[in-house]
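Quick caveat: nothing in here was measured; it's all calculated off a predicted structure.
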Amino acid sequence: MRVEIWTDIACPWCYIGKARFDIGLAAFTRRDHVEVVHRSFELNPQAENGTAPIIDAVAAQYGRTREQQIAREEQASAMARSVGLDYRIGGRVFGNTFDIHRLLHFAKTRGLQVELMDLAFRVNFADERSVYDRETLVGLAVEAGLNEAETREVLGNPDAYAEEVRADERLAAELGASGVPFFVLNRRYGVSGVQPAETFTQALEQAWADRSAA
């Protein structure tokens with residue numbers, strides 16, 4: 001059985017949703033038969049690269065007051081802590097994640113995509129370091145196990161893995177995804193947003209039962 005997951009490193013709900021999915025998958029008795037495919041989604045493809053404070057930028061984007069956005073960040077922080085994730089408030093910056101997605105596709109070719117994704121999420125939300133900084137990305141890639149020279153070559157070529165990112169985004173649009181996280185099970189069931197871990201387990205069980213019946 002295949003589960004496809006669309007996420008963006010800049011998305012707090014993706015950070016939390018992935019953790020909850022992992023917990024739900026761990027509770028699924030057929031978990032060893034599940035292939036998880038991570039796909040790209042840009043929440044803000046027109047964003048500049050890591051210049052504006054996240055709270056002010058997102059508040060302006062969605063028409064919220066600064067206080068309202070801080071409240072949402074506090075909600076996300078509490079949800080993150082409930083699944084064992086660190087989450088700081090106030091120090092992140094708003095930016096363009098296209099290069100991160102390209103690098104994640106490169107990491108996939110080396111079998112290290114999940115390792116790099118988890119590191120990028122942690123750096124962005126727990127450490128509040130800029131994932132839009134080239135040297136930070138290179139450091140994360142090396143920490144994940146990627147070759148430094150190859151990583152720099154990918155980041156230095158704007159066409160490298162660009163089509164793979166665009167293909168993921170086209171597929172998301174075809175499947176009706178307008179936001180992330182977005183989970184698709186066997187191209188038959190869709191689960192969107194931050195759901196309880198139990199919901200993911202139930203969805204996996206239902207998709208597996210339908211697969212077996214078919």
**Item:** Residue pair H38, W6: steps toward the ring pair (Phe, Tyr, Trp, His ring centres under 6.0 Å) verdict
**Value:** CA-CA 6 Å; H38 291 282; W6 277 261; over 10 Å; no
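- Between A203 and V191 the shortest heavy-atom distance is CB-CG2, 4.1 Å.
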**Trace of the side chain to side chain contact (heavy atoms under 4.5 Å, CB included) decision for F28 with M1** = CA-CA 12 Å; F28 179 53; M1 185 166 69; 3.9 Å; yes
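- T136 and D133 share a donor-acceptor pair across their side chains, judged by distance under 3.5 Å alone.
- Atom CG of L25 sits about 8.0 Å away from atom OG1 of T201, to the nearest 0.5 Å.
- H105 places no side-chain N or O within donor-acceptor distance of the main-chain N or O of A162, the cut-off being under 3.5 Å.
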**Asked** Should E143 and E115 be marked as a side chain to side chain contact (heavy atoms under 4.5 Å, CB included) after you check the CA-CA gap, both sets of side-chain angles, and the distance that decides it?
**Response** CA-CA 9 Å; E143 185 177 348; E115 287 81 355; over 6 Å; no
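- For the salt bridge (Lys or Arg N to Asp or Glu O under 4.0 Å) criterion with E73, the lone passing option out of R92, R64, R88, R66 is R92.
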**Message:** Does E205 form a salt bridge (charged side-chain N to carboxylate O under 4.0 Å, His left out) with R30? I'd like the steps, not just the answer.
**Reply:** CA-CA 8 Å; E205 289 171 349; R30 300 280 186 169; over 6 Å; no
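- Interatomic distance, L104 CG to Y161 OH, rounded to the nearest 0.5 Å: 12.0 Å.
- I54 and L43 sit in two unconnected hydrophobic clusters of ILVMFWY residues. Membership requires side-chain heavy atoms under 4.5 Å apart, directly or through other members.
- With hydrogens and angles ignored, the 3.5 Å screen pairs no side-chain donor or acceptor of E128 with any backbone N or O of F125.
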**Request:** Starting from the C-alpha separation in whole Å, work towards a yes-or-no answer on salt bridge (charged side-chain N to carboxylate O under 4.0 Å, His left out) for E135 and R152.
**Result:** CA-CA 9 Å; E135 291 305 311; R152 291 187 183 279; 2.9 Å; yes
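- A continuous path of hydrophobic side-chain contacts links L112 to I9 [ILVMFWY only; heavy atoms under 4.5 Å].
- Grouping the Ile, Leu, Val, Met, Phe, Trp and Tyr side chains by contacts below 4.5 angstrom, directly or via other members, places Y132 with V138.
- Defined by atom type and a distance below 3.5 Å, a donor-acceptor pair is present between the side-chain atoms of Q61 and N44.
- L175 CG to E4 CD: the interatomic distance, rounded to the nearest 0.5 Å, is 7.0 Å.
- Y62 and Q68 share no donor-acceptor pair across their side chains, judged by distance under 3.5 Å alone.
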**Request:** Give the intermediate values and the outcome of salt bridge (charged side-chain N to carboxylate O under 4.0 Å, His left out) for residues D118 and R122.
**Result:** CA-CA 6 Å; D118 287 342; R122 188 197 72 200; over 6 Å; no
**Message:** Test side chain to side chain contact (heavy atoms under 4.5 Å, CB included) on V194 and M79; report intermediate values, then the result.
**Reply:** CA-CA 10 Å; V194 183; M79 292 173 68; 3.5 Å; yes
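- Counting only heavy atoms from C-beta outward, the side chains of F98 and R166 approach each other to under 4.5 Å.
- Looking at heavy atoms from C-beta onward, F106 lies out of side-chain contact with L155 at the 4.5 angstrom threshold.
- Remark: D22 CG to R31 CZ distance equals 12.5 Å, nearest 0.5 Å.
- Taking the charged nitrogens against the carboxylate oxygens, E169 and R39 have no contact shorter than 4.0 Å, which rules out a salt bridge.
- Between the side chain of N157 and the backbone N or O of D159, at least one donor-acceptor pair lies under 3.5 Å.
- Residues F41 and C14 fail the side-chain proximity criterion, which asks for heavy atoms closer than 4.5 Å.
- To the nearest 0.5 Å, atom CG of residue N96 and atom NE2 of residue H101 are 9.0 Å apart.
- When atom types are taken as modelled, the side chain of S77 and the backbone of Y87 share a donor-acceptor pair closer than 3.5 angstrom.
- Rounded to the nearest 0.5 angstrom, F182 CZ and T7 OG1 are separated by 13.0 Å.
- For the pair R72 and I55, the minimum side-chain heavy-atom distance is 4.5 Å or more.
- Tested against V131 for a side chain to side chain contact (heavy atoms under 4.5 Å, CB included), the candidates V123, L119, L103, D99 yield a single pass: V123.
- R170 has a carboxylate O that lies under 4.0 Å from a charged side-chain N of E163, or vice versa, which qualifies the two as a salt bridge.
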